[in-house]
Structure formats: C-alpha cells, structure tokens
Peer 1: 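Dumping the structure here so I can ask a few things about it.
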Amino acid sequence: MNSLIRHSARCLRSVVFVAKPANVAVPGRLLCEAADTQKDLGEMVKKDKVVVFMKGTPAQPMCGFSNAVVQILRMHGVDNYAAYNVLEDQELRQGVKLFSNWPTIPQVYFNGEFVGGCDILLQMHQNGDLVDELKKLGIHSALLDSEKESK
Amino acid sequence: MAVTSEHIRQKLVHELAAVHVEVEDTSPNRCAASFKVVVVSSQFEGKPLLQRHRMVNSCLSEEMKHIHAFEQKTLTPQQWEQHKPSQ
C-alpha cells in the first residue's frame with residue numbers, strides 16, 4: 001500500500017512538469033509507472049544478495065521452472081533470499097523482462113547482477129559454478145558439507 | 001502467428017550459423033506454446049553461458065512474444081562432440 005502511495009505521489013509530481021502533448025497514445029500515467037518500475041527494480045535487485053523473480057512463492061511455486069530455481073537454491077542451503085511473485089503484479093511481470101532484457105520468468109540476481117533463468121542456474125548447479133558464485137557472495141553452499149559427510 | 005519448430009530451426013541455422021539444432025515442442029498438446037532447443041554453433045566459442053542464451057533470445061525475439069516457455073542448451077561444436085555419445 002505504501003508503495004502505491006509512493007507511486008502515485010511520484011507520478012503526480014512528475015506529471016506537473018510535463019507539457020501535455022496532443023493525442024497521446026499512451027496516457028502519461030502509464031509511462032510514468034513504467035519508468036518508476038524500472039527505477040524500483042534497480043533498487044530491488046541490489047537490496048538483497050540473492051533476488052529471484054518468480055511465479056508463485058518459494059513455499060508455493062506456480063510454475064515448474066520457478067520451482068526448479070527454488071529447489072536448486074534449497075539444495076545449496078540458500079533460504080534467505082528475496083523472492084518477488086510476478087503473478088501478483090502485472091507491471092512487475094513486464095517490467096522485469098524489460099529491465100533484464102530477458103524474455104522469461106524466473107530470473108535470478110546475485111549482488112545486483114543478472115545471473116540468468118532456470119536453464120542457466122541449473123547448468124551452474126551441475127558444473128559446480130554455483131558453489132563458487134555463492135562463495136563470492138559470502139554464502140557457504142550446503143552441498144559442500146553434504147559432500148564431506150558422504151566421504 | 002503460430003511459431004513452428006521448423007521456423008525456429010531455420011532461423012537459428014541462418015542467424016547464428018548453427019551447425020546443429022534440435023527443436024522440441026514441449027507444450028502438452030503440441031500447440032507450439034513451449035519449446036526446448038539445443039543449439040550448436042561456433043559463434044558460442046569463448047562466450048559465457050549468459051551471453052550465449054542472450055544470443056538465442058535476441059535471434060528469436062519476435063517469436064518469444066508468442067512462446068510461453070522456452071528451454072535452451074547452447075553448445076560449441078566441440079562441446080557437442082563430447083555431449084553427443086551419451087545420446
């Protein structure tokens with residue numbers, strides 16, 4: 001709700017300075033919201049070390065690909081990450097595709113940097129890169145411990 | 001516009017100089033809503049996975065608007081040689 005108020009406030013503010021062109025195809029408010037979403041996304045991806053844009057929630061993924069990302073992170077013991085459900089927010093759903101220049105959901109960010117979608121995370125998991133990338137974030141993969149135990 | 005497997009295959013061969021392409025329609029009733037592709041191209045050499053996937057995504061950017069789900073594997077000819085025997 002707060003963010004909604006913030007959105008509208010910001011929109012009102014910027015609209016004041018925009019001269020009204022004749023025959024606008026897209027209402028100014030929509031343009032303004034889209035620009036705000038891009039700005040918000042820039043902050044969202046940096047706020048947490050691991051950020052996932054997905055369909056559903058980690059507790060209840062609504063798509064097989066989103067579920068795969070959740071399961072991979074879980075295997076590595078990564079429980080503490082920011083997950084944004086794009087099904088609850090159409091603006092976010094379209095906005096994040098534009099922001100990342102990536103056509104599909106899920107999308108994964110580490111330290112504000114785009115990592116990839118489900119295929120890439122899966123391949124990083126399989127070839128061991130994910131353990132290294134998590135280490136760079138200061139996250140110790142739980143798979144390292146389970147490997148030791150099995151030896 | 002219906003996106004066909006053959007259309008995707010031809011586009012990848014043409015624009016990414018792919019030497020091998022596999023396209024599978026993975027939608028439940030083969031309604032061309034989701035695809036799984038394997039692309040083998042020497043243009044992928046020396047490029048990280050993210051960049052390879054971006055190349056495929058931009059090659060198919062028009063088609064992506066009509067595709068609901070898309071899985072991809074991007075390999076260099078050398079990687080494909082190693083990958084193939086297990087098939």
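So you know, we letter chains A, B, ... as the sequences are listed, proteins then strands, and number each from 1.
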Peer 1: Do you see a donor-acceptor pair shorter than 3.5 Å between the side chains of A/Q123 and A/D129?
Peer 2: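 The answer is no; no qualifying pair exists.
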Peer 1: Start with the C-alpha gap between A/E43 and A/K46, add the side-chain angles, then the distance that decides, and say whether salt bridge (Lys or Arg N to Asp or Glu O under 4.0 Å) holds.
Peer 2: CA-CA 5 Å; A/E43 288 161 16; A/K46 290 198 193 94; over 6 Å; no
Peer 1: Does B/L12 form a side chain to side chain contact (heavy atoms under 4.5 Å, CB included) with B/C59? I'd like the steps, not just the answer.
Peer 2: CA-CA 7 Å; B/L12 290 168; B/C59 171; 3.9 Å; yes
Peer 1: Given that the side chain runs from C-beta out, which part of B/R52 has a heavy atom under 4.5 Å from chain A: side chain, backbone, both or neither?
Peer 2: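 When you check distances to chain A, no heavy atom of B/R52 falls under 4.5 Å.
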Peer 1: Determine, using ring centers only, whether B/F35 and B/F70 are less than 6.0 Å apart.
Peer 2: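 When the ring centroids of B/F70 and B/F35 are compared, they turn out to be at least 6.0 Å apart.
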Peer 1: Who in residues 47-72 of chain A is close to chain B, using a strict under-4.5 Å heavy-atom cut-off?
Peer 2: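 Hits under 4.5 Å: A/K55, A/F65.
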Peer 1: Whether the side chain of B/T26 engages the backbone of B/S34 through a donor-acceptor N/O pair (distance < 3.5 Å, no angle test) should be reported.
Peer 2: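 At least one qualifying donor-acceptor pair exists.
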Peer 1: Looking only at heavy atoms, which two atoms of A/S146 and A/L143 are closest? And how far apart?
Peer 2: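 Where A/S146 meets A/L143 most closely, the heavy atoms are OG-O, 3.0 Å.
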